[in-house]
Amino acid sequence: MAKKKILFINQEISPYVPDTELSLMGRALPQAIQEMGHEIRTFMPKWGNINERRGQLHEVIRLSGMNLIINDTDHPLIIKVASIQQARVQVYFIDNDDYFSKRQMEKDEMGNDYPDNGERAIFFARGVLETVKKLRWVPDIIHCQGWMSAVVPLYIKTAYQDEPSFANTKVVTSLFAKNLTNDLGTNFKKCVEFRETTADLLTPYKDNFDFEEMGKLAIDYSDGVIMASPDADKNFESYAAAKNIPVLGYQEDFAEGYETLYNQICPEEE
């Protein structure tokens, strides 16, 4: 298989956050794919429970400074970076005081979902894509892991479809077990609007987006889907298959199967 450029957009990555199914895969997959000879970039949110000193995070001034308008409010985008030395993987962090650094992860200290999780996912998606543009790096494939990255496929196929960085990019979504309890509120459809991404595109979905609707949204705009957890909702697998989207079932030894899917949706040019 020819060398590809693969962008990993992860909700969690170990060791920056506690070990979970998501965070362990967030670390293992980029490392494995890089070791197979592909070029990678890796992003995650700079959650408030990340210890910046221990993780040796530092701000990348040349990539920071942009403001993203979400829900009619300007939110500064801050980019930080660190390296997982043992894995030889560099990680970019999307940060913002309102959405990330002064918060926990998807749930607050009392174990309740943050009511603006939808806005946070939108900011994260746009923050990653704007940063990749600044890096002048053109991915062949974007691989999204976790509901926090579920807006990315929609934006790639609509708002960013004519951007040189993403015009030919394919998107893969990995689906995991449910880890959101509440819905994302009534203003998600309004907040997601950006360029060609209009609220009208979300008419087929429920007014109150929840974990299931986020999964369907990601699937609808992806070129391939992976059941990355044995506990992922099997309805997602049926939903993707009904739309003739290539689906890879769960497998413990994942690297070769994932690489095969990459090649299937992004074949080598003749």
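Note that this is a predicted model, so its numbers are computed, not measured.
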*Asks:* Are Gln145 and Asn10 close enough that a side-chain donor and a side-chain acceptor fall under 3.5 Å?
*Replies:*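 Yes, side-chain donor-acceptor contact under 3.5 Å.
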*Asks:* Where is the tightest heavy-atom contact between Lys189 and Leu202, given as atom of each residue plus distance?
*Replies:*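 Distance-wise, the nearest heavy atoms are NZ-O, 2.9 Å.
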*Asks:* Taking only residues two or more places apart in sequence or in another chain, which ones pass salt bridge (charged side-chain N to carboxylate O under 4.0 Å, His left out) with Lys190?
*Replies:*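 Only Asp72 meet the salt bridge (charged side-chain N to carboxylate O under 4.0 Å, His left out) criterion with Lys190.
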*Asks:* Any ion pair linking Asp113 and Lys107 (charged N to carboxylate O, less than 4.0 Å)?
*Replies:*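 Salt bridge: yes.
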*Asks:* Any Lys/Arg nitrogen of Asp140 or Lys170 sitting under 4.0 Å from an Asp/Glu carboxylate oxygen of the other?
*Replies:*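 Looking at Lys170 together with Asp140, the answer is no, because their closest N to O distance does not fall below 4.0 Å.
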*Asks:* Looking only at non-hydrogen atoms, find the nearest pair between Met227 and Lys234 and report the distance.
*Replies:*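 For Met227 and Lys234, the tightest heavy-atom pair comes out as CE-CA, 4.3 Å.
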*Asks:* Assess whether side-chain contact (heavy atoms from CB on, under 4.5 Å) is satisfied between Ile94 and Met44, documenting all intermediate values.
*Replies:* CA-CA 6 Å; Ile94 298 296; Met44 72 172 287; over 6 Å; no
*Asks:* Please determine whether a side-chain nitrogen of the Lys or Arg among Glu212 and Lys178 lies less than 4.0 Å from a carboxylate oxygen of the Asp or Glu.
*Replies:*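 The answer is yes: the pair qualifies as a salt bridge.
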*Asks:* Looking at Phe100 versus Trp47, is the centre-to-centre ring distance below 6.0 Å?
*Replies:*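 Yes, close enough.
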*Asks:* So, for Tyr262 and His38, is the gap between ring centers shorter than 6.0 Å?
*Replies:*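 Centroid separation for Tyr262 and His38: 6.0 Å or greater.
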*Asks:* Could you check Leu29, Val91, Ile141, Val172 and say which one makes a side chain to side chain contact (heavy atoms under 4.5 Å, CB included) with Phe8?
*Replies:*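 Passing option: Leu29.
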*Asks:* So, are Lys46 and Asp97 salt-bridged, with charged N and O less than 4.0 Å apart?
*Replies:*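 Salt bridge absent between Lys46 and Asp97.
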*Asks:* Less than 6.0 angstrom separating the ring centers of Phe93 and Tyr16, yes or no?
*Replies:*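 Between Phe93 and Tyr16, the centre distance is under 6.0 Å.
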*Asks:* My understanding is that only residues two or more places apart in sequence, or in another chain, count here; which of them pass salt bridge (charged side-chain N to carboxylate O under 4.0 Å, His left out) with Lys80?
*Replies:*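 So Lys80 forms a salt bridge (charged side-chain N to carboxylate O under 4.0 Å, His left out) with Glu52, Asp95.
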*Asks:* Side chains of Ser64 and Glu59: do they bring a donor and an acceptor to under 3.5 Å?
*Replies:*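 Distance-only check passes for Ser64 and Glu59.
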*Asks:* Charged N to carboxylate O below 4.0 Å: is that the case for Asp210 and Lys206?
*Replies:*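 Result for this pair is yes, salt bridge flagged.
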*Asks:* Check Arg41 with Glu39, please: is the shortest side-chain N to carboxylate O separation under 4.0 Å?
*Replies:*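 A salt bridge is present here (some side-chain N lies under 4.0 Å from a carboxylate O).
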*Asks:* Does the side chain of Tyr160 come under 3.5 Å of the side chain of Glu130 through a donor N or O and an acceptor N or O?
*Replies:*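 Per modelled atom types, Tyr160 and Glu130 side chains form a pair under 3.5 Å.
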